[in-house]
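Every heavy atom of this structure was used, including side-chain atoms; hydrogens, water molecules and symmetry mates were not.
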Amino acid sequence: MDYNFRDIECKWQKRWAENGTYTVIEDESRKKFYVLNMFPYPSGAGLHVGHPLGYIASDIYARYKRQCGYNVLNPMGYDAYGLPAEQYAIQTGQHPAVTTVGNIDRYRNQLDKIGFSFDWSREVRTCEPSYYRWTQWAFQKMFGSYYDNRLRKAQPIENLIAKFEESGTEGLDVAQSEELEFTAEQWKSFSLKEQSDLLMNYRIAFQAETMVNWCPGLGTVLANDEVVDGVSERGGFPVEQKKMRQWCLRVSAYAQRLLDGLDTIDWSESIKETQRNWIGRSEGTEMRFHVKDSDFQFTIFTTRADTIFGVTFMVLAPESELVRTLTTKEQREEVDRYVQKVRKRTERERISDRKVTGVFSGSYAINPLTEESVPIWISDYVLAGYGTGAIMAVPAHDSRDYAFAKHFGLEIRPLIEGCDVSQESFDAKEGIMINSPRPDQLRDGCLVLNGLTVKEAIAATKKYVKDHNLGRIKVNYRLRDAIFSRQRYWGEPFPVYYDNGIPHMLPEECLPLELPEVSEFKPTSTGEPPLGHARKWAFDTATGKIVDKELIDNKTVFPLELNTMPGFAGSSAYYLRYMDPHNDKSLVSAATDNYWKCVDLYLGGSEHATGHLIYSRFWNKFLHDLGVSVVEEPFSKLINQGMIQGRSNFVYRIKDTNKFVSLGLKDQYDTTPLHVDVNIVSNDILDIDAFKAWRPEYQTAEFILEDGKYICGWAVEKMSKSMYNVVNPDMIIERYGADTLRMYEMFLGPIEQSKPWDTNGIDGCHRFIRKFWNLFNNRDGSFCVSDDAPTKEELKSLHKLIKKVTEDIENFSYNTSVSAFMICVNELSQMKCNKRQVLDILVRLIAPFTPHIAEELWESLGHNSTVCDSAWPVFNSEYLKEDNITYSISFNGKTRFTMDFPVGATQQQIQEAVLSNEKTQGYIAGKPIRKIIVVTNKIVNIVL
RNA sequence: GCUCGAAUGGUGGAAUGGUAGACACGAGGGACUUAAAAUCCCUUGACCUUUAUCGGUUGUGCGGGUUCGAGUCCCGCUUCGAGCACCA
């Protein structure tokens, strides 16, 4: 029988589906292993060959683990909410649900052809009520919680309310937006609305007026990680800063735990580093400065407390509340003008144009240590959102302060021995301190930093500030709270209604709150989000039903929230839902959660480093505090598969003609390179007839050939439609089969590396699979496995392979194991090996890589079970042992001759044998041998 | 600017400090064939030498170092990629 991959793959895919081969159930008697891919957003373009790379890699691992006896969970689902479907809906009126389902079907169809071992009975879709019910539930729990810094844990908000009733904010140590102070009496005197507003300062899901990234092009706000270089990640529309009341998640409360957790997980150093940067922990000092001729004081944050004696001015962020208070009458007009001007600048302009600008506030601050007064300036190089929005400026040791001081002619006072600040500031945290004031110039006590190193000086100043109650030691994080509202239709609705402007959670039994139908997907004419179009969008507290909004009476029927949740909401806990996808009592049952625990191997792109991978770690930690997720870190091992880039081809058109010149001759003409569809190019040779048929305007094209061929140029670019370099997996499968595709994707290179797709090399893998098939099948098509005992050489070749493949899979080094298969099959076919004992093992080894052909051959070997349930072969080193070992005898790094020694020869025996060998007789090139070193790897090195 | 990672033939890429370039593509040559496809065999880093074999020199971005021995370890650069970036 010939290798007919189409029939074989079709047959087995059908059989797997019918028999539920990959359905998995919890089984306490077996060890679990949880493999997960980042679930895809089903885009309209379908899959290209880059998408399945990670799925194939994880599928190989999942199948391998299964053969090793693990109970493997390998689920798949869809991140179904997202902007493209909604944009499409706005343009065409097509409901996003319809588009999404269509795309999902297409994805499923494509995925099924590749032969994955997914358990589809556990599929989740984030846009289905039975799924997003638990997204809404988690949000409500966050609303009902605050973060206790002492316990390092989320707590029910009721505990905090009880505390306020008893003793107000006294001795409170909790995560909060701003530090508030009130007594129990004050708390009790507040109105309901005031209490509600105050609690927002502490809740983990809270509403706040914040500066948000407003994207007019998309009509919504965006999270920080959704904004890249001042434009929206999706669509590339400009983003501006705007103050809006929004739902937020207090991710910052978990900053330290998110940082600490990184040390406990097996992720790549680069992605951990990215997260560390994003969290941006910095240890420093907060210091209070009094304002001259006033009782007013304000706080600044610095990491360089040691430079307190070099402070020559202060700077406020233009958006800071302090600006209003500290601007004097005389300066008001100028300051207002400046603040207005700054506000108009977009994020983008700020980044591209870093001119030094600023304005004097008119006030002076008093240095708490020296009582010296220094001017307070306002400039946009200080950010309102970080620290306190105010800084002490030390131009000698901070390049930004330096630039500002030079521009406005302010004093620059160096504090480190030997540093030259005439051209630039000295920012390094090293050197010996000088220029401390004399003790009698200090306000109280004495702090002399002279002679200390920077590090010592920082510590000494911190201690001084603390001891003299001038401020406190403070750790700041760059990580901001996540803005959680989107003014969109296609997302999870908030299970929230409003009573007199006070948000209330829908009762848990009313979940899920389903996304309503709307007449339009655009914002309303009054600027409300799309849900403003929904008629049936009010909550009746008396009946617990969703009713028409005309019935709103603000007594029992209240308006519902019009915002929806952002994309990361649904993807933050989906790995938990896969464990128990049909549970309608809880997100995941305790028993199931306790069995699967966490994802053992997570695969996905590194582009989610500061988005999904932070949010879901945060989300999981919160659930963990609630007692839901038993393990604090959800993904114990993470592999980031590289992007598959496109390999574009070019043709060169001679200017103003319809004539195309081959690559090697193009320099002789004035040409324009044009992208040409890679699917009509083979080995960079253009299929001229296909090219003429490709576009009507090329029908009459003429060509200047070299050697009778048209050679195309090429370049590596992103795989995209507009570059005509998209390669579709369906097409590859049609031509070579899924097994070849799987092998080739793994063969391309290390899984973590980005690399261009080049269909040219695929023949090698296809040839290999045919060769493998031919070990079992004669040329004439007959099955030809013999029951003879295998030879020593055959077993050696086989066991070398078992060892290599097992190690490689464990190390995710699939490309080298594909090579190992090729070598082994080559050797075996040269030995004409068709022994059952060998082939039986070979099939089991290759099954994770090429499951279809493996099943087919496994069946023809006479097994009744599937090969995916067979045992992983055991390596036996006995077969690799040799009688004699050939040593290379070398000096000066060159092999001079070889000698054979029996296995187990001692170092001394070898040395003596080499010394007395007839070729040396103790001398080489007339010089006596000084030293003989026996190197493990069959090499003996001689030193003269 | 700070942090992390990388650099090996025409290409993708192999090498626990131990014979660099496995494996594959591409290229060249050959066998089979009316021809094509398919299959199989040989050559393939560069340079020198030779009719050919044999042989030699050189070679992993650059410059040093450690070592009997360095693509691999250490120090100093260069280039490329990624992340963060007026974060005080």
Side-chain angles (χ1 to χ4, degrees), chain A residues 2 268-282 284-285 300-305 307 314-315 317 350-351 354-356 379-383 385-394 397-401 403-404 427 476-480 606-607 609-610 640 642 647 683-684 714 716 743-744 747-750 752-768 770-771 774 779 804 807 813 815-824 826 829-830 886-888 890-895 898 930-944:
Chain A
D2 231 20
S268 75
E269 209 36 57
S270 73
I271 210 138
K272 284 189 189 180
E273 197 59 30
T274 302
Q275 292 213 341
R276 285 192 194 108
N277 279 340
W278 190 257
I279 295 167
R281 180 190 156 100
S282 88
T285 315
I300 59 95
F301 174 78
T302 180
T303 54
R304 291 294 301 273
T307 58
M314 311 292 287
V315 188
R350 269 198 179 195
I351 290 167
R354 288 195 184 164
K355 265 199 296 232
V356 177
S379 172
D380 67 351
Y381 83 86
V382 173
L383 304 176
Y386 184 76
T388 61
I391 62 151
M392 62 180 212
V394 186
H397 302 294
D398 183 289
S399 54
R400 296 152 302 179
D401 297 345
F404 194 82
D427 290 17
N476 260 336
Y477 299 91
R478 209 186 64 92
L479 183 70
R480 305 293 165 79
S606 54
E607 68 273 19
T610 54
N640 298 112
R647 188 181 186 278
N683 286 331
D684 293 335
W714 62 275
V716 172
M743 268 249 138
Y744 185 56
F747 181 70
L748 272 177
E752 306 205 55
Q753 200 168 300
S754 286
K755 56 233 160 192
W757 177 269
D758 183 358
T759 306
N760 292 334
I762 200 168
D763 287 325
C765 285
H766 193 60
R767 271 198 278 269
F768 157 74
R770 299 183 86 97
K771 211 180 240 182
N774 290 337
R779 277 262 166 108
K804 177 81 177 138
E807 284 170 4
S813 178
N815 57 329
T816 51
S817 46
V818 174
S819 296
F821 276 116
M822 291 178 176
I823 294 168
C824 180
N826 253 330
S829 72
Q830 251 156 40
T886 304
Y887 281 79
S888 306
S890 61
F891 79 98
N892 280 355
K894 286 280 165 213
T895 301
T898 62
R930 201 156 52 101
K931 204 156 93 179
I932 294 174
I933 298 155
V934 179
V935 176
T936 48
N937 205 23
K938 303 179 186 177
I939 291 169
V940 175
N941 219 316
I942 294 173
V943 187
L944 298 181

Legend entry - Paired nucleotide for B:G76 [Watson-Crick or G-U wobble; both distances under 3.5 Å]: B:C62
Give me the distances for all protein-to-nucleotides 80-85 of chain B N/O pairs that come in under 3.5 Å?
unit_1: B:C84; atom_1: O3'; unit_2: A:Arg478; atom_2: NH1; d: 3.4
unit_1: B:A85; atom_1: OP1; unit_2: A:Arg478; atom_2: NH1; d: 2.6

Legend entry - Watson-Crick or G-U wobble mate for B:A15, both contacts under 3.5 Å: none
Inset, instruction - Look at all strands and tell whether A:Glu752 reaches a base, only sugar-phosphate, or nothing, counting heavy atoms closer than 4.0 Å. - result: nothing
Inset, instruction - Between B:A88, B:C4, B:C86, spot the one nearest the side chain of A:Ser270, thanks. - result: B:C4
Inset, instruction - Identify the nucleotide, in any strand shown, that forms a Watson-Crick or G-U wobble pair with B:U44, with both distances under 3.5 Å; if there is none, say none. - result: B:G26
Legend entry - pair A:Val394-A:Thr302: side-chain heavy atoms closer than 4.5 Å: no
Legend entry - Spacing of A:Tyr386 atom OH relative to B:C86 atom C1', expressed in whole Å: 13 Å
Legend entry - Separation of the P atoms in B:U50 and B:C54, to the nearest angstrom: 15 Å
Legend entry - Torsion-based syn/anti label for B:G61, 90° from 0 as limit: anti
Legend entry - Ring-face cation of A:Arg647 near A:Trp757 (centre distance under 6.0 Å, axis angle within 45°): no
Inset, instruction - Compare all side-chain heavy atoms of A:Arg480 with those of A:Trp278 and state whether any distance is below 4.5 angstrom. - result: no
Inset, instruction - Considering just the side-chain nitrogens and oxygens of A:Gln753, establish if one lies under 4.0 Å of OP1 or OP2 belonging to B:G13. - result: yes
Inset, instruction - Tell me which of A:Arg304 and A:Gly749 sits closer to the 5' end of RNA chain B, going by the nucleotide each one is nearest to. - result: A:Gly749
Legend entry - Touch class at under 4.0 angstrom, heavy-atom based, for A:Arg281 against every strand present: nothing
Inset, instruction - Pick base, sugar-phosphate or nothing for A:Pro750, based on heavy-atom distances below 4.0 Å to the nucleic acid. - result: sugar-phosphate
Inset, instruction - Return the nucleotide paired to B:A35: Watson-Crick means purine N1 to pyrimidine N3 with N6-O4 or O6-N4, wobble means G-U with N1-O2 and O6-N3, both under 3.5 Å. - result: none
Legend entry - Earlier contact from the 5' end, RNA chain B, for A:Leu748 and A:Arg770: A:Leu748
Inset, instruction - Describe the nucleic acid contact of A:Arg276 in one word from base, sugar-phosphate, nothing, applying a heavy-atom distance below 4.0 Å. - result: nothing
Inset, instruction - Check the pair A:Cys765 / A:Met822 against side chain to side chain contact (heavy atoms under 4.5 Å, CB included), numbers first and verdict last. - result: CA-CA 9 Å; A:Cys765 285; A:Met822 291 178 176; 3.9 Å; yes
Inset, instruction - Specify the separation, in whole Å, of atom CD of A:Glu269 and atom C1' of B:C4. - result: 8 Å
Legend entry - Nearest-angstrom distance, P atom, B:C25 to B:A20: 25 Å
Inset, instruction - Could I get the full list of ring-ring contact (aromatic ring centres under 6.0 Å, His included) partners for A:Phe747, not counting sequence neighbours? - result: none
Legend entry - Residues in side-chain hydrogen bond (donor to acceptor under 3.5 Å, both in side chains) contact with A:Gln830, at least two apart in sequence or another chain: none
Legend entry - Same-atom distance (C1') from B:U53 to B:U66, integer angstrom: 41 Å
Legend entry - Whether A:Tyr386 and A:Phe301 hold their rings parallel, tilted or perpendicular, with breakpoints at 30° and 60°: perpendicular
Pairs under 3.5 Å (N/O, protein and nucleotides 21-25 of chain B):
unit_1: B:C25; atom_1: OP1; unit_2: A:Arg767; atom_2: NE; d: 3.3
unit_1: B:C25; atom_1: OP1; unit_2: A:Arg767; atom_2: NH2; d: 2.5

Legend entry - Nearest-Å distance once atom P is located in both B:G61 and B:G13: 15 Å
Inset, instruction - Only counting residues at least two apart or in another chain, list the ones meeting side chain to side chain contact (heavy atoms under 4.5 Å, CB included) with A:Ser813. - result: A:Asp808, A:Asn811, A:Asn815, A:Thr816
Legend entry - Spacing of A:Arg647 atom CZ relative to B:G26 atom C1', expressed in whole Å: 10 Å
Legend entry - Taking every non-hydrogen atom, the tightest pair across A:Thr285 and A:Ala305: OG1-CB, 3.6 Å
Legend entry - Verdict with supporting geometry, A:Asp401 and A:Ile391, side chain to side chain contact (heavy atoms under 4.5 Å, CB included): CA-CA 10 Å; A:Asp401 297 345; A:Ile391 62 151; 3.5 Å; yes
Legend entry - C1' gap between B:G26 and B:G45, integer Å: 15 Å
Inset, instruction - Respond yes when some side-chain nitrogen or oxygen of A:Tyr381 is under 4.0 Å from OP1 or OP2 of B:A88, and no when none is. - result: no
Inset, instruction - In whole angstrom, give me the gap between the C1' atoms of B:G56 and B:U49. - result: 8 Å
Legend entry - Results of side-chain hydrogen bond (donor to acceptor under 3.5 Å, both in side chains) for A:Asn826 - residues two or more places apart only: A:Lys771
Legend entry - P gap between B:C40 and B:C23, integer Å: 15 Å
Inset, instruction - Please measure how far the P atom in B:U16 lies from the corresponding atom in B:U67, and state the result in whole Å. - result: 24 Å
